[in-house]
J.: 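Submitted below is the structure of interest, expressed as structure tokens.
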Amino acid sequence: MLAIVVATGNPGKLKEIQPYLADLNWTLTLKPPDLEVEETGETFLENARLKASQVAIATGQWAIADDSGLVVEALNGAPGVYSARYGKDDADRISRVLAELGSTPNRQAQFVCAIALARPNGEIALETEGVCRGEILQQPRGAGGFGYDPIFYEPTQGKTFAEMTPSQKARCSHRGIAFQMLTPKLRSLVLE
Ligand code: ITT
């Protein structure tokens, strides 16, 4: 059985990623907590590759990484790749986005999720990117999920990510879409 390190220190992400990998018959291990990768990339994909490669090399195992974030049109794409660093905690990051948007009528935004899978030597074996379009509400709504979920309204479901069940969010989210594309490829790789 193949062992794979899930290269994230974010418990919200980990909870969403685990079910996608569960039925592939891999032994999942967690990233050693003291292993920090500097996210110097300018794109989600560059940062996902960096995290997957460096964790694979450091552990000598296959590694999968997710780099994701919220891209707000009226904020010229912010917080973007800085989504995790936009404030001291989720509440602070949400307040900052709402304050910066103020009463701007353009509430268009998208969540982006890049996933990269690296071989034990650091070489990237697979990568993909999922996007989910939505709108930023004036106020947070819902108690589920993590991060910016309470202010991200997804119009096809008519709910914020934080108002969805985990399986509803998995069907339409940036991460769900990325994994829907990646899972068949992961399956063939496991059978290689
Ligand atoms: P790792 O790098 O250790 O995986 P991180 O939180 O630093 O954890 P990122 O650099 O990819 O990860 O930042 C992603 C941030 O974007 C995350 O901290 C959230 O604030 C936000 N984000 C990503 N996906 C999200 C989702 O599904 N719902 C809400 N917020 C999300």
Side-chain angles (χ1 to χ4, degrees), residues 5-21 28-56 58-59 63-72 75 77-98 109-118 127-137 140-154 157 159-180:
V5 185
V6 185
T8 181
N10 181 323
K13 270 189 192 180
L14 183 65
K15 218 168 147 189
E16 291 190 12
I17 294 173
Q18 272 171 328
Y20 296 108
L21 302 173
L28 299 189
T29 53
L30 298 183
K31 179 181 79 107
D34 50 343
L35 176 56
E36 289 288 343
V37 178
E38 226 195 313
E39 298 183 24
T40 52
E42 285 178 10
T43 64
F44 295 109
L45 214 41
E46 278 171 27
N47 282 334
R49 286 184 198 127
L50 273 174
K51 288 190 266 191
S53 285
Q54 291 189 23
V55 171
T59 58
I64 190 161
D66 161 319
D67 198 70
S68 43
L70 182 66
V71 176
V72 180
L75 301 181
V81 291
Y82 301 103
S83 291
R85 298 165 263 180
Y86 219 52
K88 64 178 193 309
D89 53 27
D90 284 345
D92 199 42
R93 290 186 273 268
I94 286 179
S95 304
R96 181 168 170 193
V97 168
L98 291 181
Q110 56 188 35
F111 259 125
V112 181
C113 174
I115 310 270
L117 175 77
E127 59 187 29
T128 189
E129 198 170 77
V131 174
C132 176
R133 289 180 217 292
E135 289 153 36
I136 304 298
L137 296 182
R141 251 169 51 184
F146 69 99
Y148 299 90
D149 281 352
I151 53 167
F152 187 80
Y153 175 84
E154 202 285 317
Q157 303 287 311
K159 289 179 181 178
T160 67
F161 274 174
E163 291 174 314
M164 294 182 188
T165 63
S167 61
Q168 280 172 329
K169 183 179 173 190
R171 274 198 294 277
C172 64
S173 76
H174 50 314
R175 186 164 297 106
I177 292 166
F179 271 101
Q180 282 156 31

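These numbers come from a predicted model, not from an experiment. Along the sequence shown, the residues carry numbers beginning at 1. Atoms within each ligand, like the ligands themselves, are counted from 1 in listed order. Excluded from the calculations below are hydrogen atoms, water molecules and symmetry mates; all remaining heavy atoms, backbone and side chain alike, are included.
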J.: Is ligand 1 less than 4.0 angstrom away from at least one heavy atom of Arg85?
T.: no
J.: Counting only heavy atoms closer than 4.0 Å, does ligand 1 sit against the backbone of Phe44, its side chain, both, or neither?
T.: neither
J.: Counting non-hydrogen protein atoms only, what is the nearest one to atom 28 (N) of ligand 1? Give residue, atom name and distance.
T.: Asp149 OD1, 2.5 Å
J.: If we only count heavy atoms from C-beta on, is the Val6 to Leu21 side-chain gap below 4.5 Å?
T.: yes
J.: So, does Gly69 sit close enough to ligand 1 that a heavy atom of it is under 4.0 Å from the ligand?
T.: yes
J.: Could you tell me the residue and atom name of the protein heavy atom closest to atom 3 (O) of ligand 1, and the distance to it rounded to 0.1 Å?
T.: Gly9 N, 2.8 Å
J.: Nearest protein heavy atom to atom 22 (N) of ligand 1, by residue and atom, and its distance?
T.: Phe111 CE2, 3.9 Å
J.: Check whether any heavy atom of Lys51 sits under 4.0 Å from an atom of ligand 1.
T.: yes
J.: Does ligand 1 have an atom that lies less than 4.0 angstrom from a heavy atom of Phe146?
T.: yes
J.: Evaluate the ring planes of Phe152 and Phe161, with Trp represented by its six-membered ring, and classify them as parallel (under 30°), tilted (30 to 60°) or perpendicular (over 60°).
T.: tilted
J.: What residue and heavy atom of the protein are closest to atom 9 (P) of ligand 1, and at what distance?
T.: Lys13 NZ, 3.5 Å
J.: Between Glu154 and Lys159, is there a salt bridge with N-O shorter than 4.0 Å?
T.: no
J.: Tell me the protein heavy atom at minimum distance from atom 14 (C) of ligand 1, and give that distance in Å.
T.: Ser68 O, 3.0 Å
J.: Do any N or O atoms from the side chain of Arg93 and from the backbone of Tyr86 form a donor-acceptor pair under 3.5 angstrom?
T.: no
J.: What part of Glu39, side chain, backbone, both or neither, has a heavy atom within less than 4.0 angstrom of ligand 1?
T.: side chain
J.: Identify the protein heavy atom lying closest to atom 7 (O) of ligand 1, giving its residue, its atom name and the separation to 0.1 Å.
T.: Ala84 CB, 3.5 Å
J.: Under a 3.5 Å threshold, yes or no: a donor from one side chain and an acceptor from the other, between Ser68 and Asp66?
T.: yes
J.: Under 4.0 Å between a Lys/Arg side-chain N and an Asp/Glu carboxylate O for Asp149 and Lys169?
T.: yes
J.: Start with the C-alpha distance between Asn47 and Glu39, add both sets of side-chain angles, then the distance that settles side chain to side chain contact (heavy atoms under 4.5 Å, CB included), and finish with yes or no.
T.: CA-CA 6 Å; Asn47 282 334; Glu39 298 183 24; 3.7 Å; yes
J.: Closest non-hydrogen protein atom to atom 6 (O) of ligand 1, residue and atom name please, with distance?
T.: Asn10 ND2, 2.9 Å
J.: Is there a donor-acceptor pair closer than 3.5 Å between any side-chain N or O of Thr160 and the backbone N or O of Arg141?
T.: yes
